[in-house]
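Reminder, nothing fancy here: chain letters follow the sequence lines and each chain counts from 1.
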There are 2 protein chains.
Amino acid sequence: MAVSIEVLRRFDLLHELTDSALEPLAAHAVLRKFSRREIVIDPGQAESNLCFLFEGSLQGVDFTLDGREVGLYFVRPGDFCGEVGLFGHHPNPEFVVALAKSQVVLLPFSAIESVMYDIHPLIKVLSQRLARWVIELTQQRSVLSLTSIPLRIYRQLAQLSGLDLIDNPQAVASSQGAGGRSKVPDLTQEINIANPPTHQEMAIMLNTSRETVTRVFQSLQAEDIVQRNGTSSLIIKQPEKLYHLALGDG
Amino acid sequence: MAVSIEVLRRFDLLHELTDSALEPLAAHAVLRKFSRREIVIDPGQAESNLCFLFEGSLQGVDFTLDGREVGLYFVRPGDFCGEVGLFGHHPNPEFVVALAKSQVVLLPFSAIESVMYDIHPLIKVLSQRLARWVIELTQQRSVLSLTSIPLRIYRQLAQLSGLDLIDNPQAVASSQGAGGRSKVPDLTQEINIANPPTHQEMAIMLNTSRETVTRVFQSLQAEDIVQRNGTSSLIIKQPEKLYHLALGDG
DNA sequence: CATTATGTGTGATTGTCATCACGTATACTG
DNA sequence: CAGTATACGTGATGACAATCACACATAATG
């Protein structure tokens, strides 16, 4: 069942496309629901899709040879993923998993490949998106080279809360979309992170164990820097302290 | 001083472009020599270039907050780099450094930006290159998530020698270009890696120290798996053993 | 609302490897 | 070719965090 142009236009990255550019795409798009932990993108499958997240939360993951899960990025509502396989003769490098019940608009590659280089704004959006992903992966790469695991976690929290934009307003986030990232936060105000990733989801992003993430959170809570409200909300109570910890000033 | 179309066409990724596509580019390209350790790309500079490596060796690097160098990729002759900044309003995310005396063809962004979306094969080449870089970064990301440092080094050596193509012929390499990567190596034959990266250059790719790389090489040499000929050549004497070590079978 | 599943928290142990300092070998330069 | 710079090699130390097993808390489900 196709989706309307209006549904597609809700996605930031498509909202500049003309109706005539969107119509052939909307005709082939489908809206699907995914359960928690269901696979949204499987690189082994023959037919690939561009995936626009309407509601819920997704995570791009890879697996090492020994079966360990590696976190690559988070997808928040309003964003999309799965575009790497459109360029060249290789599948997408990553699996995408639903972290929560999600609604995703799927757009088959076959509907895009024939037109993407002819619709100027479409190829521009897609290639700019790839460039952004390279930048995100590079930023995450630098985080991973920190030898101190707590420092990685502080940096990840700074990214989730937007604190990393303070020194680098051009930075892009691993979690972006309709929620957040649009403005630099105020260091004097508490920051609420809705639906934060679990300790395990953060741990696989940072090459550490969920027990270590828990212990770092424990010490941040003991210093009243963060406060956890169950699993639905995480509050940065002292953004300025977290900001300095993330800079390595701890 | 501009360069000829023939010089540009020597680069694999440009050789499918027509003369009319290459002419405006060649008119603005310059050939420059860089000394060892000289900066080829500086993201802080206003004017950016696409860089084609004619001869020598380059490495893409980033720096962490505490000034540690992070290795992102190697560039071998015949390849190019520096294309991320073409897409969107942000500089390139990486510095590029000459690892050896190098000759580089520099193509200013200003010469490309006005035509890149209009020359179909050019935007295709550039966007496919971005996609390949995402795949490379993702592969390297998986290597970095291995908790065993020796296993990371085995995998890096497998990539440098082409052994990683055995199970994944579609894989792209962090070091590619005119030399190597074009065919799957024979496990029964010694593999020669010309101008291998130094222990320090490998260490920053793998988030480890050069002492640790040295110790792992020591044990590989003790088992006659690799043999070092000064700094100009590294021979994989028992590719099958390295292949299995890289799989974690050690 | 009870049961089940998932996520967080805790303690103990051990091994790995970063770090530091320094020596030796190789490559480069004038 | 001598001197200098760079790369490799070595030894010792201590800290950090992965790992394992298990308990407790929270969320989801029927």
Colleague: Kindly give the atom pairs (protein nitrogen or oxygen, nucleotide nitrogen or oxygen) under 3.5 Å for nucleotides 24-30 of chain C.
Modeller:
from	atom 1	to	atom 2	distance (Å)
C:dA27	OP1	B:Thr231	N	3.3

Colleague: Could you list the protein-to-nucleotides 2-6 of chain D atom pairs, N/O on both sides, closer than 3.5 Å?
Modeller:
from	atom 1	to	atom 2	distance (Å)
D:dT6	O3'	B:Arg36	NH2	3.1

Colleague: So, are A:Arg32 and A:Glu38 salt-bridged, with charged N and O less than 4.0 Å apart?
Modeller: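 Yes, charged N to carboxylate O under 4.0 Å.
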Colleague: Between A:Arg10 and A:Glu55, does any NZ, NE, NH1 or NH2 come within less than 4.0 Å of an OD or OE carboxylate oxygen?
Modeller: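 Judged by the 4.0 Å cut-off on N to carboxylate O distance, A:Glu55 and A:Arg10 do not form a salt bridge.
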Colleague: Check the phosphate of C:dG7 against A:Gln200, side-chain N and O only, distance under 4.0 Å to OP1 or OP2. Yes or no?
Modeller: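 Looking at the OP1 and OP2 atoms of C:dG7, neither is under 4.0 Å from any side-chain N or O of A:Gln200.
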Colleague: Need one value for B:Glu211: base, sugar-phosphate or nothing, where a base atom within 4.0 Å counts as base even if backbone is also close, heavy atoms only.
Modeller: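 Here B:Glu211 touches the bases of the nucleic acid.
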Colleague: Note the angle between the end axes of the helix from C:dC1-D:dG30 to C:dG30-D:dC1, five pairs defining each, rounded to 10 degrees.
Modeller: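 Here the helix ends are tilted 70° relative to one another.
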Colleague: Please list, chain by chain and in numerical order, all residues satisfying ring pair (Phe, Tyr, Trp, His ring centres under 6.0 Å) with A:Tyr154, sequence neighbours excluded.
Modeller: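 Ring pair (Phe, Tyr, Trp, His ring centres under 6.0 Å) list for A:Tyr154, sorted by chain: empty.
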Colleague: Using nucleotides 13-18 of chain D, report all nitrogen or oxygen pairs with the protein that are shorter than 3.5 Å.
Modeller:
from	atom 1	to	atom 2	distance (Å)
D:dA17	OP1	A:Ile149	N	2.7
D:dA18	OP1	A:Thr208	OG1	2.9
D:dA18	OP2	A:Thr208	OG1	3.0
D:dA18	OP2	A:Ser209	N	3.2
D:dA18	OP2	A:Ser209	OG	2.8
D:dA18	OP2	A:Thr212	OG1	2.5

Colleague: Specify whether A:Phe11 and A:Phe54 have parallel, tilted or perpendicular ring planes, treating 30° as the upper limit for parallel and 60° as the lower limit for perpendicular.
Modeller: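 Ring orientation of A:Phe11 relative to A:Phe54: perpendicular.
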Colleague: Just how far is it from atom CG of A:Asp186 to atom CD of A:Glu240, taken to the nearest 0.5 Å?
Modeller: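 Result: 10.0 Å between the selected atoms.
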Colleague: Does anything in residues 190-199 of chain B reach DNA chain D, meaning a heavy atom under 4.0 Å, and if so which residues?
Modeller: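 Output list: B:Thr198, B:His199.
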Colleague: Does a sphere of radius 6.0 Å around OH in A:Tyr243 hold more than 12 heavy atoms from other residues, nucleotides or ligands, not counting ones at 6.0 Å or beyond?
Modeller: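 Atom OH in A:Tyr243 is crowded, with more than 12 foreign heavy atoms closer than 6.0 Å.
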Colleague: Taking all heavy atoms of A:Phe80 and all of A:Arg129, pick out the closest pair and write down the distance.
Modeller: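 Scanning both residues completely, I find the closest heavy atoms to be O-NH2, 2.6 Å.
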Colleague: Check whether any side-chain N or O of B:Gln218 sits under 4.0 Å from OP1 or OP2 of D:dC8, and answer yes or no.
Modeller: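 For D:dC8, neither OP1 nor OP2 has a side-chain N or O of B:Gln218 closer than 4.0 Å.
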Colleague: Identify the heavy atoms of A:Val105 and A:Ala29 that sit nearest to each other, and give their distance.
Modeller: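 Looks like CG1-CB, 3.9 Å.
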Colleague: Locate the shortest heavy-atom distance separating A:Gln189 from A:Pro239; write the atom from each residue and the value.
Modeller: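 Reported closest heavy-atom pair: O-CG, 3.0 Å.
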Colleague: Which whole-number value in Å describes the distance from A:Gln221 CD to C:dT10 C1'?
Modeller: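 Interatomic distance, CD of A:Gln221 to C1' of C:dT10: 14 Å.
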Colleague: Sub-3.5 Å donor-acceptor pair from the side chain of B:Asn92 to the main-chain atoms of B:Glu94, do we have one?
Modeller: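 No: the side chain of B:Asn92 does not pair with the backbone of B:Glu94.
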Colleague: Applying the side chain to side chain donor-acceptor pair (under 3.5 Å) test to B:His199, which of B:Thr214, B:Thr212, B:Thr231 qualifies?
Modeller: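 So, applying the side chain to side chain donor-acceptor pair (under 3.5 Å) to B:His199 and each of B:Thr214, B:Thr212, B:Thr231, only B:Thr214 qualifies.
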